[in-house]
2 protein chains.
Amino acid sequence: MTTLTYSEENYLKAIFHLSEEGKKSVSTNDISAEMKNRPASVSDMLRKLGEKKVIEYRKYYGVHITEEGKKLALQTIRKHRLWEVFLVEKLNFSWDEVHEVADELEHIKSRLLIQRLDEYLGFPKFDPHGDPIPDEYGDIRSRPRLPLSEIEINGTGQIVAVKDSSAAFLRYLDKIGAYIGARIKVLDKVEFDGSVEILVDNKKSVFMSKDVVGNILVMQ
Amino acid sequence: MTTLTYSEENYLKAIFHLSEEGKKSVSTNDISAEMKNRPASVSDMLRKLGEKKVIEYRKYYGVHITEEGKKLALQTIRKHRLWEVFLVEKLNFSWDEVHEVADELEHIKSRLLIQRLDEYLGFPKFDPHGDPIPDEYGDIRSRPRLPLSEIEINGTGQIVAVKDSSAAFLRYLDKIGAYIGARIKVLDKVEFDGSVEILVDNKKSVFMSKDVVGNILVMQ
DNA sequence: ATTATTTTTTAGTATAGACTAAATTAGTAT
DNA sequence: ATACTAATTTAGTCTATACTAAAAAATAAT
Ligand SMILES: [Mn+2]
Ligand SMILES: [Mn+2]
Ligand SMILES: [Mn+2]
Ligand SMILES: [Mn+2]
């Protein structure tokens, strides 16, 4: 059984997330940017994660996460998201306050704790940001979703998740009433800068920048 | 504002607990035994804690915890005990399963988290082992209590806490029905080995060793 | 008052995880 | 094919926290 330190768990989680973003191999610089550590520190950690067989590491050619690594990363992600649900549902945190705390709680090592927490929360399938919660075997059932930016004029949909979980972005969404589950309709799109006019929840028309509509995920 | 690492918090908590056990100054060896680290490691840590002014450290003469140190230790203890209550009350842990997990959870750094947890649990005053929970200013109101070993023959009382929180001891207490709140009566005492016969909860007569009755705390 | 024992500290080493600066490799442009 | 640039790794340093072995101080025993 592979055991990882807090730091190794954080790196592996970052590598997993970067892997999900399409590209086959993840670069040292990508990880460096994500983790806010210098590339030299990343290289060192990659060597260690390679030795532990949670990634495949070929010097100078980036890394691939292994099946074992994926499983471990999903465990950490599961814990992170369950704790986020707990904080919001039980402790009345708002969705922009949970991230840092969950980033610490996700490392607590107790199988029983997570089983019981899951049960206590009613086996939630999604976290407060709409992200799917893997089961204890690492199985994850994500619903189909696409960026709001890709909806055509007059197209409609429902917000199911956010890509960016920063407090600033989430508070902005609160302000315009764009919560998870809200219905949206695209009223107009500006070719020039990618900005969009959206009808939120059938009551409010809001102009959103390209950046914003790229970070809102909807299902149709 | 003094910030401590996980390790420093653990040492300080140990020093605080050892200080409470009567003696004015705590020795390096005491701490070493409590923390299961070698004395040399303890010496090193004492120097650091001394520099941070959370203890008074005179080489070769043991340590005293300072007011600042006491406050910080009580914060950690508060978190530890609140998490224990959470685990037992909300996640259905039994009182012998909570200690290790709480020992990790106690280090999570979020003021809001602890305030909300406290509120969510209904501002509990005692943890599952009967130990008092300090408030957010470090004030702690302990109820008067004494070891069961000090009750005279025919004396009665009520179990309010346990000194030893090891799983083995707590499971033994479960077996004999000696939960927190149980009424007890001392039926007989054996001079020779300090063992005692106790009527538990008005229904069960149990023989307990000196060791056991020394670790059960009662109020009369 | 010496000597012996126990306790504690110091010195030196190890590992984890970060850093900077320098060297090396891969990829791109001429 | 060669030279330039960007990405990456290596080398060396630092801090935190542990360890063992040796030295030093305090305490106990004679
Ligand atoms: Mn984390
Ligand atoms: Mn989330
Ligand atoms: Mn702890
Ligand atoms: Mn307790």
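Letters A, B, ... mirror the listed sequences (proteins, then strands); counts begin at 1.
Side-chain N/O atoms of A:N37 include none lying less than 4.0 angstrom from OP1 or OP2 on C:dG17. Contact annotation: A:S43 side-chain N/O to D:dT8 OP1/OP2 distance is not under 4.0 Å. Residue A:T5 places at least one side-chain N or O under 4.0 Å from the OP1 or OP2 atom of C:dG17. Contact between the side-chain N/O atoms of B:R38 and the OP1/OP2 oxygens of D:dT20 is found at a separation under 4.0 Å. For A:N29 and D:dT8, the shortest distance from a side-chain N or O to OP1 or OP2 is below 4.0 Å. Checking the phosphate oxygens (OP1, OP2) of D:dT9, no side-chain nitrogen or oxygen of A:R47 falls inside 4.0 Å.
Between B:E8 and the choices B:R47, B:K52, B:K13, the salt bridge (Lys or Arg N to Asp or Glu O under 4.0 Å) rule is met once, by B:K52. Tested against B:R78 for a salt bridge (Lys or Arg N to Asp or Glu O under 4.0 Å), the candidates B:D139, B:D118, B:D131, B:D135 yield a single pass: B:D118. Of the residues B:V162, B:D164, B:I180, B:N215, the one that meets the side chain to side chain contact (heavy atoms under 4.5 Å, CB included) test with B:L173 is B:V162.
Mapping A:Y61 and A:M35 onto DNA chain C by nearest heavy atom places A:M35 closer to the 5' end of the strand.
In the set D:dT9, D:dA18, C:dG17, D:dA18 carries the atom at the smallest distance from any side-chain atom of B:S7. Among C:dT9, D:dT9, C:dA18, the nucleotide with an atom closest to any side-chain atom of A:M45 is C:dA18.
Counting non-hydrogen atoms under 4.0 angstrom, B:Y57 reaches the backbone sugars and phosphates but no base. Base engagement by A:S41 is indicated by at least one non-hydrogen atom pair under 4.0 Å involving a base atom. Contacts of A:Y11 with the nucleic acid, taken as non-hydrogen atoms under 4.0 Å apart, involve only primed sugar atoms and P, OP1 or OP2.
Heavy atoms from other residues, nucleotides or ligands lying under 6.0 Å from NZ of A:K71 number 12 at most. Applying the 6.0 Å contact sphere to OH of A:Y137 captures no more than 12 heavy atoms from other residues, nucleotides or ligands.
At whole-Å resolution of the value, NE2 in B:H107 and C1' in D:dA16 are 15 Å apart. Taking atom CD of residue B:E9 and atom P of nucleotide D:dA16, one finds them 16 Å apart after rounding to whole Å. Rounded to whole Å, atom P of C:dA26 lies 11 Å from atom NZ of A:K59. A:R58 places its CZ atom 15 Å from the C1' atom of D:dA7, with the value rounded to the nearest Å. As a whole-Å value, the separation of A:L46 CG from D:dT8 C1' is 10 Å. Atoms CD1 (A:I31) and C1' (C:dG17) sit 16 Å apart, rounded to a whole Å. Here the P atom of nucleotide D:dT27 and the OH atom of B:Y60 are 11 Å apart, to the nearest Å. One interatomic measurement links the two molecules: NZ of B:K48 to P of C:dT9, which rounds to 15 Å at whole-angstrom precision.
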What verdict does the ring pair (Phe, Tyr, Trp, His ring centres under 6.0 Å) test give for B:Y11 and B:F16, after you've listed the backbone C-alpha separation in whole Å, the side-chain angles of each residue and the deciding distance to 0.1 Å? CA-CA 9 Å; B:Y11 272 98; B:F16 177 87; over 10 Å; no
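Under the Watson-Crick and G-U wobble criteria, each requiring two contacts below 3.5 Å, nucleotide C:dT30 is paired to D:dA1.
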